[in-house]
Number of protein chains: 2
Amino acid sequence: MVKRISLSEADCPVARALDVIGDWWSLLIIRDAFEGVRRFSEFQTGLGIAKGMLSTRLRDLAERGVLETAPASDGSAYKEYILTERGRGLFLAIVALRQWGEDHLYRAGERHSVLVDRANGDLVARLELQASDGRVLAWNETQVRKAEAESG
Amino acid sequence: MVKRISLSEADCPVARALDVIGDWWSLLIIRDAFEGVRRFSEFQTGLGIAKGMLSTRLRDLAERGVLETAPASDGSAYKEYILTERGRGLFLAIVALRQWGEDHLYRAGERHSVLVDRANGDLVARLELQASDGRVLAWNETQVRKAEAESG
DNA sequence: AAATCTAGTTCTATTTTAGAACCAGATTTG
DNA sequence: CAAATCTGGTTCTAAAATAGAACTAGATTT
């Protein structure tokens with residue numbers, strides 16, 4: 001064989017994104033980070049992930065600029081893992097997955113966590129895709145335009 | 001060891017979503033399906049995926065209701081893989097990943113594919129999260145409210 | 001200073017992945 | 001219609017990733 005395939009040079013931004021966060025654990029780690037989790041042991045017990053896996057995932061995400069480490073905010077000698085600007089950019093991807101999961105992966109009456117507006121506790125609105133003029137676009141009203149060849 | 005951990009009964013919709021499509025290939029298969037790819041060999045050559053992997057991925061996605069098979073539309077005896085309603089629901093998740101990839105994973109001047117409005121070829125608008133009253137919400141203006149215990 | 005906690009690393013068994021080789025049935029070509 | 005080729009797989013193997021247990025060093029608490 002060879003190595004696991006790399007998508008890091010793909011023309012398609014979706015492929016490049018998946019190259020960074022397209023494995024089982026990364027988005028869950030990032031989800032927890034959005035909820036304020038920062039310490040190794042918090043991630044570990046919260047996710048139920050093996051420590052070795054967590055260790056390599058945190059290192060990879062830091063190397064790829066999604067997380068960064070900082071001295072622990074409680075003054076101890078340990079460190080914390082914090083989302084970078086790049087990492088925070090994944091917020092809507094996680095919201096979109098949440099919305100899909102809510103819509104399609106629960107049986108009637110089954111409870112799940114929800115995302116609310118901190119200001120008043122209301123549910124957030126559903127995500128939608130708009131055209132440049134504000135019309136809501138369905139999937140089949142859009143099209144992927146391939147990258148033109150780079151002209152030097 | 002045991003098996004790879006299952007998230008299919010998680011309280012968090014993000015976790016359940018990742019249980020279904022949280023591996024390297026699934027979202028790329030689905031992305032291609034949104035662009036009209038339907039046949040085994042089209043997926044295979046387009047993605048450069050091993051046939052064995054593709055075979056199991058397509059079967060899994062079909063079992064989980066993301067894809068369904070149908071007789072080939074060209075009248076041949078082969079079959080096609082088509083997105084179900086559930087599968088089409090992943091559109092915004094892919095758009096969100098695309099947006100993140102575009103924002104963070106290309107060097108200046110590097111070309112990539114873009115998503116456009118089929119009606120006029122314009123770029124689609126950026127996704128944003130709104131509150132119930134239409135205010136745009138940033139990640140830190142939201143909060144996850146855990147599922148209440150099911151009361152029987 | 002002993003005990004415990006934190007954040008790992010290391011080790012092993014199992015599973016997954018990539019890719020090549022093979023195959024049967026469908027389709028096309030001569 | 002027979003041979004060649006195409007389609008959509010399955011099977012096999014080697015390499016890599018994963019899960020989990022055991023171990024560890026340094027920090028913190030008792």
Side-chain angles (χ1 to χ4, degrees), chain A residues 1-10 15 18-29 32-33 36-64 67-82, chain B residues 1-10 15 18-29 32-33 36-64 67-82:
Chain A
M1 217 192 46
V2 272
K3 294 193 69 72
R4 177 179 252 183
I5 281 167
S6 168
L7 303 166
S8 64
E9 294 303 316
L18 290 171
D19 194 65
V20 179
I21 50 81
D23 70 280
W24 280 79
W25 290 111
S26 294
L27 277 179
L28 290 174
I29 291 170
D32 279 5
V37 172
R38 298 170 161 225
R39 292 283 283 263
F40 187 94
S41 60
E42 272 186 293
F43 285 110
Q44 207 251 310
T45 61
L47 292 168
I49 185 178
K51 289 159 90 175
M53 283 295 315
L54 179 58
S55 180
T56 63
R57 281 288 154 272
L58 290 173
R59 181 172 32 250
D60 287 357
L61 288 170
E63 273 171 15
R64 288 151 177 273
L67 297 175
E68 63 190 345
T69 55
S73 50
D74 63 2
S76 73
Y78 301 115
K79 63 184 169 179
E80 295 185 341
Y81 296 89
I82 319 259
Chain B
M1 218 191 52
V2 272
K3 293 195 69 72
R4 176 179 255 183
I5 281 166
S6 169
L7 303 166
S8 64
E9 294 303 316
L18 290 170
D19 193 65
V20 179
I21 50 80
D23 70 279
W24 280 80
W25 290 113
S26 294
L27 276 178
L28 291 173
I29 291 169
D32 280 5
V37 171
R38 296 170 162 225
R39 292 284 282 263
F40 187 94
S41 59
E42 273 185 292
F43 286 110
Q44 207 250 311
T45 61
L47 292 168
I49 185 178
K51 289 160 87 175
M53 283 297 312
L54 179 59
S55 180
T56 62
R57 281 287 154 271
L58 290 173
R59 181 173 30 249
D60 287 357
L61 289 171
E63 273 171 15
R64 289 152 176 273
L67 296 176
E68 63 191 344
T69 55
S73 50
D74 63 2
S76 72
Y78 301 116
K79 62 184 171 179
E80 295 186 339
Y81 296 89
I82 319 262

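Keep in mind that the numbers below use all heavy atoms, side chains included, and drop hydrogens, waters and symmetry copies. Order of the sequence lines fixes the chain letters, A, B, ..., with proteins taken first and strands second; residue numbering starts at 1 for each chain.
- With rounding to whole Å, B:M53 atom CE is found 6 Å from C:dT17 atom C1'.
- Put simply, CG on A:D23 is 6 Å from P on D:dT18, counting in whole angstrom units.
- In this structure a side-chain-to-backbone donor-acceptor pair under 3.5 Å is present from A:Q44 to A:I49.
- Remark: B:R39 is not in phosphate contact with D:dT7, judged by side-chain N or O atoms under 4.0 Å from OP1 or OP2.
- Side-chain contact between B:R39 and B:S76: present, with at least one pair of heavy atoms (C-beta onward) separated by less than 4.5 Å.
- Following rounding to the nearest Å, A:W24 (CH2) and D:dG20 (C1') show an atom-to-atom distance of 18 Å.
- Inter-residue side-chain proximity for A:V20 and A:S26 is flagged as unmet; no heavy-atom pair is nearer than 4.5 Å.
- Atom P of nucleotide D:dA17 and atom CZ of A:R57 are separated by 9 Å, given to the nearest angstrom.
- What separates CG of B:D74 from P of C:dA26 is a distance of 14 Å, to the nearest Å.
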What one-letter contact string describes nucleotides 21-30 of chain D from 5' to 3', where B marks a base within less than 4.0 Å of any protein heavy atom, S marks contact via sugar-phosphate atoms alone, and - marks no contact? -----BSS--
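- You'll find the side chain of B:L54 reaches within 4.5 Å of the side chain of B:I29, heavy atoms only.
- Side-chain atoms of B:E68 never come within 3.5 Å of backbone atoms of B:A62 as a donor-acceptor pair (strictly under, hydrogens ignored).
- Within the 4.5 Å cutoff, the side chain of A:R64 has heavy atoms near those of the A:D19 side chain.
- Look at CG on B:L54: it is 14 Å from C1' on C:dG19, rounded to the nearest Å.
- For the OP1/OP2 pair of C:dT9 and a distance below 4.0 Å, the side-chain nitrogens and oxygens of A:R59 include at least one atom meeting the criterion.
- Residue A:S55 places no side-chain N or O under 4.0 Å from the OP1 or OP2 atom of C:dG8.
- At least one side-chain nitrogen or oxygen of A:W25 sits closer than 4.0 Å to the OP1 or OP2 atom of D:dA19.
- Two residues are said to be in side-chain contact when any heavy atoms from C-beta on lie closer than 4.5 Å; A:L7 and B:L28 meet this criterion.
- Listed by residue number, the members of residues 40-50 of chain B with any heavy atom below 4.0 angstrom from DNA chain D are B:F40, B:S41.
- Side chains of A:D23 and B:W24 form a contact here, defined as non-hydrogen atoms less than 4.5 Å apart.
- In terms of phosphate contacts, B:Y81 brings no side-chain nitrogen or oxygen within less than 4.0 Å of OP1 or OP2 of D:dT7.
- Each of B:R59, B:K79, B:E80, B:R38 was compared with B:T69 under the side chain to side chain contact (heavy atoms under 4.5 Å, CB included) criterion, and only B:K79 meets it.
- Regarding B:K79, its NZ atom lies at a distance of 22 Å from the P atom of D:dC6, rounded to whole Å.
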